[in-house]
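For this chain, numbers begin at 1 and follow the sequence in order. Quick caveat: nothing in here was measured; it's all calculated off a predicted structure.
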Amino acid sequence: CLLVILLRMWMQHRTMGTSSEISWWTTLGLIAIGVSLVDGVAGVLVIRGFVPRISRLLRPMIYLCFTRKLQLTFARVAATIPEVLSVLSALAIWVFCFTWFGILLFMRSDEGAREFKAWPEALANMWILFTTANCPDVFLRAINLDRKYFAFFWIYLVLTLYLLNTVFLAVVYSSYRNRLCSDMKHFLSNRSYALKRAFVIVSCNDRSISADEFCRLFAVVQSKGRIVDQLHTSYEANEDEEAISALKERAETVLQVLRVDTEHGIDYESFVEVWDALFDRTVHFYKTRADSIPHTESGRRLAEALGAGLSCGRFTATWEVCADIVIASELCALLFQTVRFLDIEAGDGPDSGALLDDWVLYFSVGVAFTWVYAAEVIIKIAVLGWTHFWNAHILRHRLDVVVVVARVGLELWTFSYGATFLNIRLLMMVRFLRCIQLFRHVKPLRKLWTLAIRLVPAYMQLGSLLFLLFCVYATVGEQLFGGMIYVNNPGLAGTQFAKAGYFPMNFNDFGSAMMTLSTLMVVNNWYVIVDAYVRITSRASSMFFVSFFVLANLVVLNILVTLIIECFASTCDAKRASQERPGFAISVREGSTGYEVWEHRQLCARDTLLHMCLSEDEIYAAKSDPQVGESESETESTCVTDAD
């Protein structure tokens with residue numbers, strides 16, 4: 001893998017030439033690759049003895065050094081560290097003061113003898129109380145002596161958990177948001193400069209560009225630079241009239257759908273609008289001509305029949321409603337089947353043949369539903385065409401294809417090799433996936449899904465950063481605590497860890513380490529796990545777990561929580577804005593030329609992030625700030641003309 005990364009960098013340098021710059025991230029990645037290669041050779045040569053594997057620790061760093069988006073997220077989170085340390089120091093001082101006061105308050109009492117007998121135990125118990133993992137166990141003895149002692153612990157919880165922790169959350173996100181705002185302003189400034197420069201080059205210092213010039217630029221952009229030379233040659237020499245006609249037709253469709261007036265040329269504002277639409281992932285411009293099946297005689301009849309729906313007297317239902325009725329029927333059958341199987345399991349035991357005897361009937365019903373769904377998918381593809389079917393209602397249609405293929409495959413396997421308990425469970429789970437489509441009719445779930453879609457970029461970036469944090473701690477924990485946790489370990493005899501059977505929570509291998517860290521992040525009973533490692537090592541090992549809690553829970557997860565809150569607020573604001581300004585969203589479908597544009601219902605994820613971080617005035621200022629600044633002679637020399 002390391003050699004593949006080096007080969008990729010060499011090929012990139014050979015391709016880009018002098019335009020390829022080596023950043024300090026790349027330099028750090030090259031150093032990490034070199035150290036990993038040396039460590040790998042040393043690990044092969046050293047046969048005996050324990051050799052710490054540095055390369056395992058460097059793998060997350062190598063991934064970070066060659067992932068641009070993750071680098072930006074890491075830089076934003078790292079920018080919060082100074083503010084985090086200031087609030088964390090205040091929290092540490094507060095915990096220390098209450099620990100000191102608790103030692104004095106409960107001296108020579110049952111509470112003091114158990115929870116405040118020494119500084120390490122007292123500090124650990126008060127820190128665990130901050131995480132609420134040992135509440136109310138830590139103060140039960142105190143309130144049994146006198147209920148007035150509860151005031152001490154309640155004041156501590158209010159000041160630390162509900163005050164300092166909230167301030168910690170606000171400070172972390174404020175610092176992260178400030179860095180995010182700075183990055184977004186920089187992005188808008190660079191983007192505005194690039195668009196202005198491109199417009200000047202294409203228009204040759206004119207105030208507008210012609211439709212033909214836009215078609216040429218459109219061809220280059222849609223090819224993503226892979227066939228620019230071929231497209232340019234084809235356009236100039238008229239070698240491929242069909243390709244030219246298709247590209248011009250698509251370009252004209254884009255301008256028509258966006259309502260751009262091309263009679264007097266395309267001005268800068270329209271140019272920016274078209275560019276935004278081209279690079280907005282929620283707006284889909286098909287790259288090939290729409291399938292011609294719907295334009296046949298049989299295709300038109302089928303489309304008319306599907307459009308009319310089913311009529312029964314005064315009642316008329318669309319095909320989507322009919323499909324939902326079929327799905328609801330299967331959901332009821334699946335629920336009845338699950339209840340029936342549970343009754344059989346409870347009455348006859350797991351080894352009974354009653355389950356397989358009843359399965360024949362349910363299998364036949366499932367096959368009937370499968371062929372209904374397969375017919376629905378085939379008819380939709382025939383009417384809409386594969387391109388439109390695959391890109392309109394992306395999740396619903398693609399899930400339909402996956403579920404139908406999976407059901408047909410499992411049913412053929414079951415029919416050929418017989419029913420087993422594994423096949424039964426798999427088929428029931430796959431059948432349930434098709435029923436998920438009914439959730440779109442539940443308004444709270446629909447809102448939750450909209451929010452989840454908008455949070456995908458944030459989840460991907462922060463989730464990747466959290467995964468790297470897990471990898472680092474899992475690698476370090478595997479080398480520090482590997483092999484120390486096992487059943488019948490005498491050092492754990494009589495502990496809560498052993499009584500609860502927490503032995504799978506270990507660092508003996510990478511998978512177990514990731515599982516243990518995930519359990520620690522949930523916080524519940526985390527002190528029981530930490531106590532086991534402290535007993536078999538030393539108190540210093542507790543810093544490993546405390547530092548993980550601070551970075552994972554107090555920093556990364558707090559940022560994610562606040563992003564969810566602000567994203568929800570920005571989604572509501574965008575929805576109100578679209579209702580106040582009907583022209584805000586692109587809802588025009590243009591099919592006269594054989595192409596259609598996927599409906600743009602809401603703000604895309606990038607625009608959501610912009611409006612979360614910046615106000616309208618700040619966005620306008622960032623877009624208007626850069627100046628082209630080149631002289632007229634320089635601009636004229638770079639103009640793209642037909643002669644070029």
Is there a side-chain contact between Ser464 and Thr73 (heavy atoms, below 4.5 Å)?
-> no
If every non-hydrogen atom of Ala474 is compared with every non-hydrogen atom of Ala513, which pair is closest and at what distance?
-> CB-CB, 3.7 Å
Taking all heavy atoms of Tyr527 and all of Ala133, pick out the closest pair and write down the distance.
-> CE2-O, 3.3 Å
Test side-chain hydrogen bond (donor to acceptor under 3.5 Å, both in side chains) applied to Trp526 - qualifying residues, sequence neighbours left out | Thr131
Spell out, as yes or no, whether a donor-acceptor pair under 3.5 Å connects the side chain of Thr132 to the backbone of Leu129.
-> no
Taking every non-hydrogen atom, the tightest pair across Leu30 and Phe66 | N-CZ, 4.4 Å
N/O donor-acceptor pair under 3.5 Å between Ser542 side chain and Arg539 backbone = yes
Does Leu70 offer a backbone N or O that forms a donor-acceptor pair with the side chain of Thr67 under 3.5 Å?
-> no
Partners of Phe101 by ring-ring contact (aromatic ring centres under 6.0 Å, His included), sequence neighbours excluded?
-> Phe152
Val171 side chain near Val84 side chain, heavy-atom distance below 4.5 Å | no
Is the closest side-chain heavy-atom distance between Phe130 and Leu91 below 4.5 Å?
-> yes
Could you list the residues that satisfy side-chain hydrogen bond (donor to acceptor under 3.5 Å, both in side chains) with Arg398, not counting sequence neighbours?
-> none
Is any side-chain heavy atom of Asn506 less than 4.5 Å from a side-chain heavy atom of Tyr533?
-> yes
Nearest-0.5 Å distance, CD1 of residue Ile424 to CD of residue Gln337 = 8.0 Å
Search all heavy atoms of Ile62 against all heavy atoms of Ala32 and return the closest pair with its distance.
-> CG1-CB, 3.7 Å
Quick one: salt bridge (Lys or Arg N to Asp or Glu O under 4.0 Å) pairs with a partner in residues 416-433, sequence neighbours left out?
-> Glu330-Arg431
Residue pairs passing the salt bridge (Lys or Arg N to Asp or Glu O under 4.0 Å) test with at least one member in residues 97-116, sequence neighbours excluded, are Glu115-Arg141
4.5 Å side-chain heavy-atom contact, Leu468 and Val472 | no
Got a donor-acceptor contact below 3.5 angstrom from the Asp509 side chain to the Ser512 backbone?
-> yes
All ring-ring contact (aromatic ring centres under 6.0 Å, His included) counterparts of Phe153, not counting sequence neighbours | Phe106, Phe139
Sidechain-backbone polar pair: Asn178 side chain, Tyr176 backbone, donor-acceptor under 3.5 Å = no
Those residues at least two apart in sequence (or on a different chain) that pass side chain to side chain contact (heavy atoms under 4.5 Å, CB included) with Tyr417 are Trp413
Under the salt bridge (Lys or Arg N to Asp or Glu O under 4.0 Å) rule, what do Arg396 and Asp400 come out as? Steps first, then yes or no, please.
-> CA-CA 6 Å; Arg396 192 193 313 173; Asp400 287 346; over 6 Å; no
Quick one: list whatever passes ring-ring contact (aromatic ring centres under 6.0 Å, His included) with Phe470, sequence neighbours left out.
-> Phe548
Val534 backbone acceptor or donor facing Ser538 side chain under 3.5 Å | no
Could you give all pairs that pass the salt bridge (Lys or Arg N to Asp or Glu O under 4.0 Å) test and reach residues 158-173, with sequence neighbours left out?
-> none
Give a yes or no on whether Phe544 atom CZ has more than 12 heavy-atom contacts from other residues, nucleotides or ligands under 6.0 Å away.
-> yes
Just checking, is any N or O donor in the side chain of Glu83 or Ser174 under 3.5 Å from an acceptor N or O on the other one?
-> no
Tell me, yes or no, whether the heavy-atom count around Asp146 atom CG, taken from other residues, nucleotides or ligands under 6.0 Å, exceeds 12.
-> yes
Inter-residue atom distance Trp25.CH2 - Cys65.SG, 0.5 Å rounding | 5.5 Å
For Thr495, side chain to side chain contact (heavy atoms under 4.5 Å, CB included) partners two or more places apart | Leu492, Phe497, Ala498, Arg535
To the nearest 0.5 Å, atom OG of Ser547 lies from atom CG of Leu554 at 11.5 Å
Can you tell me if Tyr156 uses its side chain to pair, donor with acceptor, with the backbone of Leu161 under 3.5 Å?
-> no
Will you find, in the side chains of Asn508 and Tyr486, an N or O donor that is under 3.5 Å from an N or O acceptor?
-> no
At what distance, to the nearest 0.5 angstrom, does CD1 of Ile327 lie from CG of Leu334?
-> 12.5 Å
Kindly write out the residues that satisfy side chain to side chain contact (heavy atoms under 4.5 Å, CB included) with Ala118, not counting sequence neighbours, or none if the list is empty.
-> Pro120, Glu121
When the ring planes of Trp94 and Phe98 are compared, do they come out parallel, tilted or perpendicular, using 30° and 60° as the limits?
-> tilted
Heavy-atom nearest pair, Thr475 first then Leu57, reads CG2-N, 3.7 Å
Look at atom CZ of Phe369 and say whether more than 12 heavy atoms of other residues, nucleotides or ligands are closer to it than 6.0 Å.
-> yes
Hey, is the main chain of Met514 close enough, under 3.5 Å, to the side chain of Ser518 for a donor-acceptor pair?
-> yes
Report yes or no: is the cationic atom of Arg434 (NZ for Lys, CZ for Arg) closer than 6.0 Å to the six-membered ring centre of Tyr373, at no more than 45° off its axis?
-> yes
Report the C-alpha separation of Phe336 and Tyr362 in whole Å, then their side-chain angles, then the decisive distance to 0.1 Å, and conclude whether the side-chain contact (heavy atoms from CB on, under 4.5 Å) test is met.
-> CA-CA 10 Å; Phe336 178 79; Tyr362 298 118; 3.4 Å; yes
Asn489 side chain vs Met484 backbone, donor-acceptor pair below 3.5 Å | yes
Donor on one side chain, acceptor on other, Ser36 and Asp39, under 3.5 Å | no
Does the side chain of Leu104 come within less than 4.5 Å of Phe116's, by heavy atoms?
-> no
Got a second to check how far Met505's CE is from Ile529's CD1, nearest 0.5 Å?
-> 6.0 Å
Distance-minimising heavy-atom pair for Leu557 and Asn553 = CB-O, 3.5 Å
Reported CZ-to-CG distance for the pair Phe545 and Leu517, which is rounded to 0.5 angstrom | 8.0 Å
Side chain to side chain contact (heavy atoms under 4.5 Å, CB included) partners for Leu85, two or more places apart = Ile81
Does some side-chain heavy atom of Glu411 sit less than 4.5 Å from a side-chain heavy atom of Thr370?
-> yes
Show the numbers, then the answer: is there a side-chain contact (heavy atoms from CB on, under 4.5 Å) between Ile559 and Val556?
-> CA-CA 5 Å; Ile559 292 175; Val556 178; 5.9 Å; no
Do Asn165 and Thr160 have side-chain heavy atoms sitting under 4.5 Å apart?
-> no
Do other residues, nucleotides or ligands put more than 12 heavy atoms under 6.0 Å from the CH2 atom of Trp119?
-> yes
